[in-house]
Number of protein chains: 2
Amino acid sequence: MAKEFHAYIFDRGDRIHVKMGKTLFCEGDPAQRCYFVLKGRLKLTKLHEQGKTVVVRYINPGELTAAISVFKGKSYPVTAQAAAAAEIIGWNKKVMVDLMEEFPQLAVNMLRVAVDRLDDLQTRYLELCAEQVEQRIARALLRIMRQSGLKTEDGILIDFRLSRQELAEYTGTTLYTVSRALSAWEKKGWVISGRERITVSDPHALVLFAENG
Amino acid sequence: MAKEFHAYIFDRGDRIHVKMGKTLFCEGDPAQRCYFVLKGRLKLTKLHEQGKTVVVRYINPGELTAAISVFKGKSYPVTAQAAAAAEIIGWNKKVMVDLMEEFPQLAVNMLRVAVDRLDDLQTRYLELCAEQVEQRIARALLRIMRQSGLKTEDGILIDFRLSRQELAEYTGTTLYTVSRALSAWEKKGWVISGRERITVSDPHALVLFAENG
DNA sequence: GAAAGTCTTTGCGCCTGCGCAAAGACTGAA
DNA sequence: TTCAGTCTTTGCGCAGGCGCAAAGACTTTC
């Protein structure tokens, strides 16, 4: 696919800015637009009846979200918030359908995205069933690090605000347990953590721990 | 889509019988065929490094499986076993690709399947994070009942062999916990359970319990 | 129909991880 | 600079649920 191809498709959408913490769309709303993240980061969450929130995934720059819901013509299954100030392109349903007719390759790409997400979620489902809490937190941290890590002199810094609470919602535990794990790892020299800020200083040790408990 | 259309597509595949408990394909094997279940039931599982097995989903009559893996050209992400003697149609990759070119509607259907599975898994992921064990077991039982329930005079019978162990693997717990829950529910008159056999005698009570803990 | 094999039940003890509470640390706005 | 607001830490107690073990029930096979 050529550059002009991308440019053409991007031009057919609307450029949107979302401030840190603001909501782009809500679980249950009719799915009318899909989005592509240029910059920043979206957090997709699902709310449980009893009030608990779960982070389903993060959408990083270069990734698409909600395309599938729009295609299916149902409501959004998750809520999207900006985990960091984000620059986004949004397409209305009609435009999207037109584009897909014009470029069938788009549909194939969408299928690929869906498959990857399904794989990822199956793997995390397995982890959630089979692993101890601390192991899951380690894996989650490594996963986020790989997607959003910035090399610094102290190690690999996660380049967006990530609170203990959020990490807990991503791993299916509580903020207390995450806090305790991070404190323990800090003592071992594996991570350096501050308020909503985590640097992995010894990724190798963390990988070993994630794999062997 | 007309009847002949279905017949034509089915004729292009091979009819396969899988005996109860036998394996159709294994996690990690290259994905060369996809399958449609006519009769019986497939159990899709994933194996964790530390030896634990998790049931990812059941494939019921009328459902497709592995189509997406074949399409993607990777290896199977799960293992498929027959939870009950099954009659299946299988297509090789090449045939499948040809069919999809001939009938573009097939690709759209596949995307729809992928989306539904993703939705389902997101919901179960949420449940696994947010709910107590017994509540999850109740929900799982109800889900299975809706898909494979047979009305009898005692209530709704799950029409295939389902052990405590399997129910545990489906809900992310242990066979002991499942056994205790079923015993307790039996005392309350909500279910009647025997060896690998469960009848839900009071679905309404179970729904209430699943929703409110 | 007896024996082997598998699945289920249940008592008991233990441990992981939850949840409250209260104090401390950091941030951002006025 | 101060103060409110939010995020984090950590002690403490508790309980949900795990896991073993051993006995009991049901199937299948020969």
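A quick note: this is a predicted structure, and the numbers were derived from the prediction, not measured. Letters go in sequence order (proteins before strands), and every chain restarts at 1.
Distance, A:Trp185 CH2 to D:dT9 C1': 16 Å, rounded to whole Å. Taking atom CG on A:Leu175 and atom C1' on C:dG24, their separation rounds to 15 Å, with Å as the unit. Atom CZ of A:Arg161 and atom P of D:dC7 are 9 Å apart (whole Å). Note: CD1 (B:Ile137) to P (D:dC18) measures 8 Å, nearest angstrom. Going from atom CD of B:Gln165 over to atom C1' of D:dC18 covers 13 Å, rounded to whole Å. Following rounding to the nearest Å, A:Leu167 (CG) and D:dT9 (P) show an atom-to-atom distance of 11 Å. Atom C1' of nucleotide C:dC7 and atom CD of B:Glu169 are separated by 14 Å, given to the nearest angstrom. Here C:dT9 presents its C1' atom at 14 Å from CD1 of B:Ile198, a figure rounded to the nearest Å.
Applying the 4.0 Å criterion to OP1 and OP2 of D:dC7, one finds that A:Arg164 has every side-chain N and O outside that range. Using a 4.0 Å cut-off, no side-chain N or O of A:Ser163 falls inside it from OP1 or OP2 of D:dC7. OP1 or OP2 of D:dT9 has at least one side-chain nitrogen or oxygen of A:Ser179 nearer than 4.0 Å. Residue A:Ser183 places at least one side-chain N or O closer than 4.0 Å to OP1 or OP2 of D:dT10. Listed pair A:Thr173 / C:dG17 fails the phosphate criterion, with no side-chain N or O lying under 4.0 Å from OP1 or OP2.
For B:Arg180 against C:dG11, a side-chain N or O and a base N or O form a donor-acceptor pair under 3.5 Å.
Of all nucleotides listed (D:dT6, C:dT8, D:dC26), D:dT6 comes nearest to the side chain of A:Arg195. Among the nucleotides D:dG17, C:dC18, D:dT9, the one closest to the side chain of B:Gln132 is D:dG17. The nucleotide whose nearest atom lies closest to any side-chain atom of A:Tyr176 is, among C:dA21, C:dC12, C:dG17, C:dA21. Listed candidates were D:dG19, D:dT8, C:dG19. Nearest to the side chain of B:Thr174 is D:dG19.
Between B:Asp119 and A:Lys74, none of the side-chain N atoms (NZ, or NE/NH1/NH2) sits under 4.0 Å from a carboxylate O, so this pair counts as no salt bridge. Between A:Arg124 and A:Asp120 there is a salt bridge, since at least one side-chain N of the basic residue sits less than 4.0 Å from a carboxylate O of the acidic one. A salt bridge does not link B:Lys188 with B:Asp202: every distance from a Lys NZ or Arg NE/NH1/NH2 to an Asp or Glu carboxylate oxygen is 4.0 Å or more. Salt-bridge annotation for A:Arg139 and A:Glu131: present, with a side-chain N of the basic residue lying under 4.0 Å from a carboxylate O of the acidic one.
Comparing B:Arg136 and A:Ser193 along DNA chain D, the residue whose closest nucleotide (by nearest heavy atom) sits nearer the 5' end is A:Ser193.
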**Request:** List the steps and the verdict of side-chain hydrogen bond (donor to acceptor under 3.5 Å, both in side chains) for A:Arg41 and A:Ser148.
**Result:** CA-CA 9 Å; A:Arg41 200 153 269 106; A:Ser148 321; 3.1 Å; yes
